[in-house]
Amino acid sequence: METRRLVFIGVGGQGNLLASRLVGEAALSLGVPAVVSEIHGMAQRGGIVESAVLLGDVTSPIVSNAEADVLIGFEPVETLRALVKCNKDTVVITNTSPLPPFTVTVGQGTYPSVDKTLDMIRGKVKKVIALDGNAMAAEAGNVLSLNMVMLGALIGSGTIPIGAEDMKKTISTSTKKAFLESNLKAFGLGMENAN
Amino acid sequence: MHKLLIENSGKEMLLLGNEAIARGALEAGVSFVTCYPGTPSSEIPEQFFKMGKETDIYFEYSTNEKVAMEVGAAAAIAGLRTMVTLKHVGLNVASDPLMTLAYVGVKGGMVIINADDPFCFSSQNEQDNRYYARLSSLPMLEPTNVQEMKDITVAAFDLSEELELPVIIRTTTRLNHISAAVKLGDLKPIKTKDTFQKNPFHFVAVPAVSRNLHKLLLEKYDRALEKSENWPGNTIVGSGKWGIVANGVSFNYVSDAVSDLGISDKVSILKLEFSWPLPKDLCTRFMKKVDKVLVVEELEPVMENDLKAIAQESGITIPIKGKGIAGLSRLFEYDPGMIRKAVAEYFGVDYKGTEILDLSEVPELPGRPPNLCAGCPHRATYYSVKQVYGPDAVYPTDIGCYTLGLLPPISMADLVICMGSSVSTGCGFSQATDQKVVSFIGDSTFFHSGITGLVNAVHNNHKFTLVILDNGTTAMTGHQPHPGVNTEPMGVDLTQLSVEEVVRGCGVKDVHVVKPFKLKKTIESVKATMEYDGISVIISKEACPLFAKAMGQFKKSRPFYINHNKCKNHRDCINLLACPAMYLDGEQVEIDKNLCTACSVCAQVCPENAILPLKE
């Protein structure tokens, strides 16, 4: 099958590692070869967390600069920062809700406007799917379900060979029962807004 | 039941590389596992800790890697299948036992999992531990993917028993932290006890014995070489005239590059899985059938240099290159694009990489370095010490979350070399300069290798202050226990040592135990150390809030808010503390009540008393 290279970018605590692992689980259940790559340790103390999923006939576990087919950004400025992973044919899926780093709070940098950030991304890649993931997570009843919203948007974008029902099945078996309802709702909201 | 203990033989499971190693050990019938946690190896021992009473496997978080190696060595010498896991710099700590254990050898299979960290994702250096195989003459195996991580672990136990030598499996971060489908094998029953067979003229490495043991090691080395020559994982893929030699994760980059460039029919790849002793004959055969060789290995040109030496011996004169081709360097990790470019350039294949985006108009984005968590007690301790010792004192620090004290506004980290070095470098600075010295070390690191430095400080009359940041866990690597931890809530019955008793036992007279969230009292204690003529120790005791939450012990009080009527915007709260729960709304500092842990430190710092607990 055709190779798909996905890069997930987020901030420690936003749950992008779980999202990428669930894509790996769903791929495994469908017999699609998948490698999921993540970095643990110091990076997770409020820093940037990057993970990658490679689907198809590929053995390398990471994505080089300019080689991502899909970039899933959990925070708008981090999406912009991760554009080095993209090329003109990349599909970018991004949360629009900002999470300014503490460097901004202590005056060591300025957080750019979200609109400008999105405009800059839009001009450079094939397609941008921008959605207010935080609002949808809240609507689903759990602010921590942002990763499910983003996962929904990824599946809804039709960029990978995993369907909604298969993904939902994986979410049902691999996430905590107590959050299942809100997770599935968040996933659905992400799916609906993936355009 | 722990997922790795479910038989599932023949089934496929999505496993993290580190889980695959743990599963491999189970399939080999491991019965004794020791470690000191260290990223990227930490999730291997974590599996055994979590299995707890579900297995009869003996598992321990040892005090440090040297101890882990020695505890494990005895078990393997007695006859048990033993695994020791550590990160690359951990093998430095364990290198003393390793070198002579190689002489003595083992009876039960002993596998040492060594996780290297190219790019220093979570480490103080990116040393290449393939040199340890060469230094110790021990066999080294290097998997290239998650399935191999499991399979090689199983094979390594058999190999170790056959050679009566410990076997080192070397991974890199990219292998430890990737997940992929792994086909599982059978779990093996385990032997939990054996009887040590005395043989002092073999096991007691006095000079007369060691001379014989060295000879024995070289004989075993020759047998290992024979094994590596015939190892199924040391293979040549393809039959073209362009030769590429690769190990570990780089093998994947090479395979993908060859297929992406459409040159499979022109290339032969020598994959070295049993990488030490290097299979000389296999390498010679390979070099004789190709026109030129590209060596693809992260970090040091270890194979490249060895291949050049082998070629010289065999009169092979083809070009052998690695470092320097298309920017392949001794630095950091490789990536698929980099290797595609190097292969294309070296063999003269037409290749234009994917065009990179023009990002010149993207403004400089605010940095997002890792930061101490909201409510982290380290922040409070740093604040109090700085109030007394100021910005000019020398602050040696150590390995742990608190190393993040490096960043502004705390800016209280002046030197880190390795685990435990804060204490001993404190000795050195206080003697070599007239500057005030305050060293910082975490509780786990103190037990790991801070105690010997402290004994040295007392004995040699050094004059400085050591702050032990006691948060009751090994936080950075994922909340593992250590000798000072109460393990009861984790369902494990281990003996808890008191940091204070250990410090007093080392002979320290000026000891202060403080609660860091009580700033006034803490500052008083810090002042007392400033006046003390000798070695002072402050034990700053407060639980890591992440750990307390995970253990269900975190008592959340009412979060704090900023009263706008009282706030005069001095911004001491953000300028001195920079707690991530604080943010700016326009010009007004606000507190995110979801992140605030109610530690109250900012409220004590505010000159206007404008930070108050939220009303119910």
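By convention in this document, chain letters (A, B, ...) are assigned in the order of the sequence lines, proteins followed by strands, and residues within each chain are numbered from 1. What's counted below: heavy atoms across the whole structure, side chains too, no hydrogens, waters or symmetry copies. Remember, predicted model here, so these are calculated numbers, not experimental data.
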Option in A:Ser51, A:Ser37, A:Pro100 with maximal non-hydrogen atom pairs under 4.5 Å from chain B
A:Ser37

If you count heavy-atom pairs under 4.5 Å between each of B:Gly337, B:Ala257, B:Gly353, B:Ala180 and chain A, which one has the most?
B:Gly337

Working for side chain to side chain donor-acceptor pair (under 3.5 Å), residues B:Gln480 and B:Thr477:
CA-CA 7 Å; B:Gln480 293 82 359; B:Thr477 49; 2.7 Å; yes

A:Lys169 and A:Glu25: CA distance, side-chain angles, deciding distance, salt bridge (charged side-chain N to carboxylate O under 4.0 Å, His left out) verdict:
CA-CA 10 Å; A:Lys169 222 183 278 171; A:Glu25 289 278 2; over 6 Å; no

Where does B:Arg340 contact chain A at under 4.5 Å (heavy atoms): side chain, backbone, both or neither?
side chain

Between the side chains of A:Asn95 and A:Ser97, is a donor N or O closer than 3.5 angstrom to an acceptor N or O?
no

Is B:Val589 in contact with chain A via its backbone, its side chain, both, or neither, using a 4.5 Å heavy-atom distance?
neither

Counting heavy-atom pairs under 4.5 Å to chain B, which of A:Ser29, A:Pro33, A:Ser60, A:Gly24 comes out on top?
A:Ser60

Residue-level interface, residues 575-585 of chain B with chain A, non-hydrogen cut-off under 4.5 Å:
B:Ala578, B:Met582, B:Tyr583, B:Leu584

Please determine, by modelled atom types, if B:Glu43 and B:His177 share a side-chain donor-acceptor pair under 3.5 angstrom.
yes

What class does the angle between the rings of A:Phe8 and A:Phe74 fall in, given that below 30° is parallel, 30 to 60° is tilted and above 60° is perpendicular?
tilted

Give, as side chain, backbone, both or neither, the part of B:Glu361 having an atom under 4.5 angstrom from any heavy atom of chain A.
both

Donor-acceptor pairs under 3.5 Å, side chain of residues 106-117 of chain A to any protein atom, not counting sequence neighbours: which ones?
from, atom 1, to, atom 2, distance (Å)
A:Tyr111, OH, A:Glu75, OE2, 2.6
A:Ser113, OG, A:Lys116, N, 3.0
A:Thr117, OG1, A:Ser113, O, 2.8

With a 4.5 angstrom heavy-atom cut-off, is it the side chain or the backbone of A:Val125 that approaches chain B, or both, or neither?
side chain

Do we see a donor-acceptor contact under 3.5 Å between the side chains of A:Ser64 and B:Tyr253?
no

Which pair of heavy atoms, one from A:Leu30 and one from A:Pro161, lies closest together, and at what distance?
CD1-O, 4.0 Å

Determine the option with the most heavy-atom pairs under 4.5 angstrom with chain B, choosing from A:Thr3, A:Leu80, A:Val143, A:Val104.
A:Leu80

